[in-house]
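Taking it in order: structure first as structure tokens, then the write-up.
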Amino acid sequence: FDAGDLNLALDEFGRTLDLDPGHLGALKDAGNILFELQNFSQAAEMFDRASAISPDDAEALMGLGTSVQRLGNLELALSLYEHVLKFEPNHAHARLNIGIIMHETGD
């Protein structure tokens with residue numbers, strides 16, 4: 001997808017969220033698009049709203065984790081990935097991202 005297609009899709013999810021601010025799918029999809037556009041702060045906001053609605057939603061938690069990791073908040077990202085592993089112990093991306101953070105911090 002190019003940025004124009006992503007922005008168009010983001011507008012559509014925005015309209016959905018105007019009608020239903022708690023629409024879990026639209027929040028996660030908007031978060032994914034914002035992440036793709038490298039707008040990590042707004043992506044984190046969307047994923048945070050989604051995880052508030054569904055606290056054990058691995059997709060929302062991973063999206064929030066990767067967004068805050070890109071923003072430099074490694075401690076929060078690590079805690080989010082660890083939370084995912086509590087209910088999905090074999091979640092490969094959570095394990096991978098924990099390893100990346102541990103390598104980056106020398107732990």
Side-chain angles (χ1 to χ4, degrees):
F1 296 103
D2 66 27
D5 292 337
L6 292 174
N7 284 316
L8 182 61
L10 188 58
D11 289 343
E12 290 298 320
F13 290 123
R15 282 192 275 284
T16 299
L17 291 169
D18 286 342
L19 296 172
D20 180 4
H23 191 285
L24 185 61
L27 288 166
K28 293 189 295 186
D29 289 338
N32 285 323
I33 291 170
L34 288 162
F35 188 91
E36 185 71 25
L37 293 170
Q38 298 186 11
N39 187 337
F40 305 120
S41 180
Q42 284 189 327
E45 180 184 326
M46 292 293 128
F47 289 122
D48 187 49
R49 287 173 54 192
S51 65
I53 293 166
S54 184
D56 290 336
D57 186 303
E59 182 183 357
L61 292 167
M62 289 300 298
L64 179 55
T66 55
S67 297
V68 298
Q69 184 175 352
R70 289 289 183 102
L71 292 168
N73 191 339
L74 302 183
E75 187 175 316
L76 177 57
L78 188 59
S79 71
L80 290 162
Y81 301 144
E82 289 170 345
H83 181 70
V84 169
L85 292 177
K86 287 180 184 174
F87 57 90
E88 286 192 33
N90 296 319
H91 196 287
H93 285 114
R95 291 189 174 281
L96 174 65
N97 289 352
I98 288 171
I100 289 168
I101 290 172
M102 299 302 252
H103 178 76
E104 286 176 358
T105 60
D107 289 339

Pairwise side-chain hydrogen bond (donor to acceptor under 3.5 Å, both in side chains) hits with a residue in residues 43-54, at least two apart
none
What side-chain hydrogen bond (donor to acceptor under 3.5 Å, both in side chains) pairs are there with at least one residue in residues 85-98, not counting sequence neighbours?
Tyr81-Asn97
Nearest 0.5 angstrom please: [X] [atom1] to [Y] [atom2], how far?
X     : Y     : atom1 : atom2 : result
Gln38 : Ser67 : CD    : OG    : 11.5 Å
Asp20 : Thr16 : CG    : OG1   : 8.5 Å
Leu6  : Phe13 : CG    : CZ    : 10.0 Å

For the hydrophobic clusters of this structure (ILVMFWY residues joined by side-chain heavy atoms under 4.5 Å, transitively), does one cluster hold both [X] and [Y]?
X     : Y      : result
Phe87 : Ile98  : yes
Val84 : Leu76  : yes
Met62 : Met102 : yes

Under the criterion side-chain contact (heavy atoms from CB on, under 4.5 Å), I'd like the reasoning laid out for Ile100 against Gln69: C-alpha separation, chi angles, the key distance, then a yes or no.
CA-CA 10 Å; Ile100 289 168; Gln69 184 175 352; 3.9 Å; yes
side-chain contact (heavy atoms from CB on, under 4.5 Å) with Phe47: which of Leu27, Leu61, Thr66, Asn32?
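Testing Phe47 for a side-chain contact (heavy atoms from CB on, under 4.5 Å) against Leu27, Leu61, Thr66, Asn32 leaves exactly one candidate, Asn32.
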By the definition side-chain contact (heavy atoms from CB on, under 4.5 Å), identify the one residue from Asn39, Leu10, Leu64, Leu17 that meets it with Met46.
Leu17
Determine the minimum heavy-atom distance between [X] and [Y], stating which atoms define it.
X      : Y     : result
Ala94  : Leu85 : CB-CD2, 3.9 Å
Ile33  : Ala9  : CD1-CB, 3.6 Å
Ala44  : Val68 : CB-CG1, 4.2 Å
Ile101 : Leu74 : CD1-O, 3.9 Å

Can you list the residues that meet the salt bridge (Lys or Arg N to Asp or Glu O under 4.0 Å) rule with Asp29, with sequence neighbours excluded?
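So Asp29 forms no salt bridge (Lys or Arg N to Asp or Glu O under 4.0 Å) with any residue.
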Evaluate whether atom CD of Glu75 has more than 12 neighbouring non-hydrogen atoms of other residues, nucleotides or ligands under 6.0 angstrom away.
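Check fails, neighbour count at 12 or below.
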Lys28 vs Asp57 side-chain heavy atoms within contact, under 4.5 Å
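They are in contact (side-chain heavy atoms under 4.5 Å apart), so the answer is yes.
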Evaluate the side-chain contact (heavy atoms from CB on, under 4.5 Å) criterion for residues Asp56 and His83: first the C-alpha distance (whole Å), next the side-chain angles of each, then the deciding distance (0.1 Å), finally the verdict.
CA-CA 8 Å; Asp56 290 336; His83 181 70; 3.1 Å; yes
